Amino acid sequence: MDYKEKISKIDYELYQESNDKPKSQLYGYFTTLILSKVYAPMNSDLEEIMKEFKLNFLPYVYKSRTILLSRVIRIIEKKMNKS
């Protein structure tokens, strides 16, 4: 199972469970994906990865992995609060 399938499965679980386990798993997967140079050796590679998850940000966000991670975490938090 690749990272996109794992995240899709967890995203589905977000709407099935009300506890914090799926949220924590999403944080972990996205943190590893964004901060690891294995999946995206250059910061510019992150833009394509985020497009796979239908996440679009302004160009300056992709210049800093920590800024990008904070934006993704904010999106996860908003989705969790909706359910």
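This structure is a prediction, so every number in the text was calculated from the model and none was measured.
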Nearest 0.5 angstrom please: [X] [atom1] to [Y] [atom2], how far?
X	Y	atom1	atom2	result
Met50	Asn56	CE	CG	10.5 Å
Leu33	Leu46	CG	CG	7.5 Å
Phe57	Ile67	CZ	CD1	11.5 Å
Tyr39	Thr32	OH	OG1	7.0 Å

If you look at every heavy atom in Val61 and Leu68, which pair is closest and at what distance? CG1-CA, 3.7 Å
Closest non-hydrogen atom pair, Val38 against Pro41: O-CD, 4.5 Å
Show, in sequence, the C-alpha distance, side-chain angles and deciding distance for Thr31 and Tyr29, and conclude whether the side chain to side chain contact (heavy atoms under 4.5 Å, CB included) test is met. CA-CA 5 Å; Thr31 299; Tyr29 285 133; over 6 Å; no
Would Glu77 and Tyr27 count as a side chain to side chain contact (heavy atoms under 4.5 Å, CB included) if you check the C-alpha gap in whole Å, the side-chain angles of each, and the deciding distance to 0.1 Å? CA-CA 10 Å; Glu77 190 66 31; Tyr27 288 167; 2.5 Å; yes
Under the side chain to side chain contact (heavy atoms under 4.5 Å, CB included) criterion, do Asn43 and Arg65 qualify, and how do the steps go? CA-CA 7 Å; Asn43 287 9; Arg65 291 175 187 255; 2.7 Å; yes
Candidate list Met42, Glu48, Glu47, test side chain to side chain contact (heavy atoms under 4.5 Å, CB included), partner Tyr62, passing option: Glu47
Apply side chain to side chain contact (heavy atoms under 4.5 Å, CB included) to Ile73 and Phe30, showing your working. CA-CA 8 Å; Ile73 287 174; Phe30 273 106; over 6 Å; no
